[in-house]
Structures are given as structure tokens and as C-alpha cells.
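Each ligand, and each atom within it, is numbered from 1 in the order the structure gives. Just so we're clear, the structure is a prediction, and the values are computed from it rather than from any experiment.
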Amino acid sequence: MPNLKKGIYVVLTGAPGCGKGTQARLLKERLGIPHLSTGEMLRAEGHTGSELGLKIKALIDKGNLVPDEMIIDMLKNRIEKDDCQNGFILDGFPRTLPQAEALDELLKEKNITLDAVIEIQVPDEIIMERILGRYACMKCGQGYHDKYQKPKVYGVCDTCGGTEFYRRIDDNRTTVQNRLVNYRALTYPTIPYFEKEGLLKCVDGTGSIEAVANKIDSVLGV
Ligand SMILES: [Zn+2]
């Protein structure tokens with residue numbers, strides 16, 4: 001039987017602040033397939049009132065980690081939905097080697113073959129600059145950046161005219177450094193794992209959002 005290609009199945013990975021969330025949202029628009037962000041899915045599942053959702057919510061509310069089996073169960077429910085039949089973009093998962101192996105098992109069970117695992121590569125110092133420079137309007141939440149996205153008029157929000165801004169408390173050097181160290185220790189080992197499976201595609205994530213999007217399209221051949 002010919003191997004009929006059903007859709008495009010992609011994992012976007014990379015260090016925190018590499019831009020994978022932004023790229024996943026744009027890719028979703030271009031390909032018309034869902035963007036599965038595990039962070040958003042966990043929050044959404046917590047609100048469904050399902051048995052799994054209630055367990056997840058209890059864990060998150062107490063500040064505990066959600067065990068891999070629960071994330072996998074949630075993912076399994078999600079990819080069975082109709083809108084995932086032509087593919088999906090996975091963002092924020094797998095975060096560890098055991099999660100990568102569990103994902104492989106799940107996809108095998110569902111007869112799904114990944115097309116690519118795209119690693120968006122950005123040097124640590126650029127990630128630091130991106131995160132430490134960001135701030136937002138207090139009134140409308142519009143995001144800005146000290147260097148890359150200044151308001152048109154100094155100190156005035158483009159969107160709502162607000163004049164008060166804030167920075168997220170965890171956008172500080174120590175927290176970002178810790179996140180990068182965690183990424184290297186826990187998530188980075190998934191990179192050689194996917195490379196061995198022949199799925200890894202690396203994309204330089206230092207250019208403009210549009211330039212990075214073009215590079216993603218070209219590695220996917222779309
Ligand atoms: Zn505003």
C-alpha cells in the first residue's frame with residue numbers, strides 16, 4: 001500500500017526565549033493545523049472539570065509538577081480530536097528525554113510519523129537580551145522591548161495611549177540564567193535523541209521573526 005501522507009507533524013524546540021511560541025503561532029496560521037502548547041493545554045484541561053483536569057489543576061495550584069503520564073494522557077486526548085487529523089505543531093513538549101521516548105510511543109500507537117523536530121537556535125546572550133528588555137503596558141498588556149520594539153512615542157503605549165509600563169518579575173538575569181541551565185540539563189538531551197532518529201532540523205533563530213519563519217518553511221519544504 002502506498003504511504004499516504006496525512007498531514008504535517010512538527011515539534012518546535014529550543015531554549016526558553018528562542019521564539020518557538022511565536023513561531024508556532026505563525027506556523028499554525030500558515031499551515032492551518034493546530035498549535036499544541038503543553039502549557040496552555042494544561043491550563044485549559046484544568047478548566048474542563050474532567051477527572052484528569054481536576055487532578056492537573058490540583059497539582060498546578062499547589063505549585064507541583066504535572067507527572068509525565070498525565071501530560072501524555074492529555075496529549076493523547078488532544079491529538080484524537082478532529083482538528084489534529086491533518087497534523088499539529090507541538091510546542092513545549094517533550095521537555096525531557098523520558099518525555100521524548102513517551103511521545104514516540106504515543107505517536108507509534110496513533111500511527112503518526114513526525115516530519116521534523118525543529119530546534120530554533122539562539123545564543124544565550126541574545127536570549128538574555130531579548131528577555132531582559134521586554135516590558136508591557138499596564139493598561140492593555142501590549143508588549144514592548146527596549147531595543148526591538150519601542151513605542152512610537154517615548155513612554156506612550158501605541159495601542160491605548162497608556163503611560164505606565166511594567167516588567168515581569170521573573171524576567172531577571174538570575175531567573176533567566178536558571179532557566180537556561182535547566183534547559184541544558186533536562187531538555188537539551190532530546191536534541192541528539194531526535195538527531196539519531198533523523199528528525200532534527202536546526203534553524204538559526206537570531207534573525208527577524210519573518211526571517212526565522214521563512215527558514216522554518218524551507219526546512220519543512222512548505
Ligand atoms: Zn496600552
- [ ] Verify salt bridge (charged side-chain N to carboxylate O under 4.0 Å, His left out) between Glu45 and Arg78, making sure each step is shown before the conclusion.
- [x] CA-CA 10 Å; Glu45 188 75 45; Arg78 183 65 188 86; over 6 Å; no
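Ion pairing between a basic and an acidic side chain is recognised when a charged N comes within 4.0 Å of a carboxylate O; Arg167 and Asp171 show no such pairing.
Taking a 6.0 Å sphere around CZ of Arg179, one finds it holds more than 12 heavy atoms contributed by other residues, nucleotides or ligands. The environment of Lys57 atom NZ is sparse: at most 12 non-hydrogen atoms of other residues, nucleotides or ligands sit within 6.0 angstrom. Around CD1 of Ile209, the count of heavy atoms belonging to other residues, nucleotides or ligands within 6.0 Å does not exceed 12.
Among Ile89, Ile118, Asp91, Ile120, the single residue meeting the side chain to side chain contact (heavy atoms under 4.5 Å, CB included) criterion with Gln23 is Ile120.
Protein contacts to the Zn ion (ligand 1) involving N, O or S atoms at a distance below 2.8 Å are Cys137 SG, Cys140 SG, Cys157 SG, Cys160 SG.
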